[in-house]
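Only one structure is covered here, and it is reproduced in the block below.
We're numbering straight along the sequence, starting at 1.
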Amino acid sequence: MNKHRVHIYQSRLHLLWTGFFLILPFAFLFIYSHFAKIASATLFYDVLVSSIRLAIAYFVAAALAWLSAVLFSHGRRSIIALPIFDVLQSFPTFAALPLGVMLWGETNFTVIFFLVITIIWPIFFSVLSSTRLAKHDWQEAVFIARLQGWDYLRLYLWPVTISGLITGSIIGLGEGWEALVATEMIVGMKNGLGPFFQMYSQNSSITAFGILGLLILIFGINKIIWIPLLDWSHQKMEE
């Protein structure tokens, strides 16, 4: 565990900057709530609710994307499945959103479901690329060592795909944040960033600073979590 921490956070200065980016979004939201004369608890609650929806959707999408990419990366299954997946990822998600509202109503499930199908494709194709670009000598080593089951997953499949999983997650979550606000508005949720921006859509100042706050939050998450993990995965690939 300590070894991984050393790899991810390479110096005390790096840790200091990480702490700064951890505090920055919350400090901005607190100042912003006073500037816009919005109750801090209400603003933080909306951010928390939307973040939880996105987090649930991400973990579901990441699990499904990783499993699908691993199962359909090679062989006859890939020949049949990949063209279908390619068509599905090109389908405009928002076109089916009104149908989802009719089926499941104005619920968290509707929002999370459509976030999943937004996030899943960048992760799927990124993991798929990782499996296909694996070094030939690694594949030979797996064949010679006769790795199977848990050992195959732990010693080969997971190290090979982790970089693609992280890269796809960064792209997928970027699209997820964008879709989150619109999806919450269309579905008609009572709480979250979508209803917040919809409520203050006539106030350009509040909307502009709200967008800035959202960008700072996304940037902070990337700086704290995803960029260090991406660097760590590249180091693992080089080992």
Acceptor/donor pairs from residues 109-120 side chains to any protein atom, 3.5 angstrom cut, sequence neighbours excluded:
from : atom 1 : to   : atom 2 : distance (Å)
T110 : OG1    : G105 : O      : 2.8
T110 : OG1    : T107 : OG1    : 3.1
T118 : OG1    : F114 : O      : 2.8

Check your understanding: Does any N or O in the side chain of T167 come within less than 3.5 Å of the main-chain N or O of G164, such that one atom is a donor and the other an acceptor?
Key -> no
Check your understanding: Quick one: CG on D86 to CZ on F124, what's the gap to the nearest 0.5 Å?
Key -> 9.5 Å
Review point. Is it the case that one hydrophobic cluster holds both L99 and L97, taking links as side-chain heavy atoms less than 4.5 Å apart, direct or via other members?
Key: yes
Practice item. Determine, using the 4.5 Å side-chain heavy-atom cutoff (strictly less than), whether I221 and I227 are members of one ILVMFWY cluster. Key: no
Give every donor-acceptor pair under 3.5 Å between a side-chain atom in residues 40-61 and any protein atom, sequence neighbours left out.
from : atom 1 : to   : atom 2 : distance (Å)
S40  : OG     : S33  : OG     : 2.8
D46  : OD1    : G192 : N      : 3.1
S50  : OG     : D46  : O      : 3.4
S50  : OG     : E184 : OE1    : 3.1
S50  : OG     : E184 : OE2    : 2.8
S50  : OG     : L193 : N      : 2.7
S51  : OG     : V47  : O      : 2.7
R53  : NE     : N108 : OD1    : 2.8
R53  : NH1    : E184 : OE2    : 2.7
R53  : NH1    : N191 : O      : 2.9
R53  : NH2    : N108 : OD1    : 3.1
R53  : NH2    : N191 : O      : 3.4
Y58  : OH     : S169 : OG     : 2.8

Point to revise | CG on L173 to CD1 on I225, rounded to 0.5 Å | key: 9.0 Å
Exercise for review: Considering non-hydrogen atoms only, spot the tightest contact between M185 and Q198 and give its length.
Suggested key: CE-N, 3.7 Å
**Study point:** Reported CG-to-CE distance for the pair L180 and M189, which is rounded to 0.5 angstrom
**Key:** 10.5 Å
Review point. Quick one: OG on S163 to CG on L229, what's the gap to the nearest 0.5 Å?
Key: 11.0 Å
Review point. Does W66 share a hydrophobic cluster with I170, counting links as ILVMFWY side-chain heavy atoms below 4.5 Å and allowing steps through other members?
Key: yes
Review point. In the single-linkage hydrophobic clustering (I, L, V, M, F, W, Y; side-chain heavy atoms under 4.5 Å), do F125 and W226 co-cluster?
Key: no
Practice item. Is it possible for you to say whether F196 and M199 belong to one hydrophobic cluster, with membership spreading through side-chain heavy-atom contacts below 4.5 Å? Key: yes
Point to revise | From CG (L165) to CG (L230), nearest 0.5 Å | key: 11.0 Å
Review point. Are side-chain heavy atoms of P122 and E175 found at a separation under 4.5 Å?
Key: yes
**Study point:** Nearest non-hydrogen partners of S126 and G168, listed with the distance
**Key:** OG-N, 3.5 Å
Practice item. For F72 and A81, work out which heavy atoms get closest and say how close. Key: CD2-CB, 3.5 Å
Which donor-acceptor pairs under 3.5 Å do the side chains of residues 206-217 make with protein atoms, sequence neighbours left out?
from : atom 1 : to   : atom 2 : distance (Å)
T207 : OG1    : Y200 : O      : 2.8
T207 : OG1    : N203 : O      : 2.9

Review point. Side chains of W121 and L88: closer than 4.5 Å at any heavy-atom pair?
Key: yes
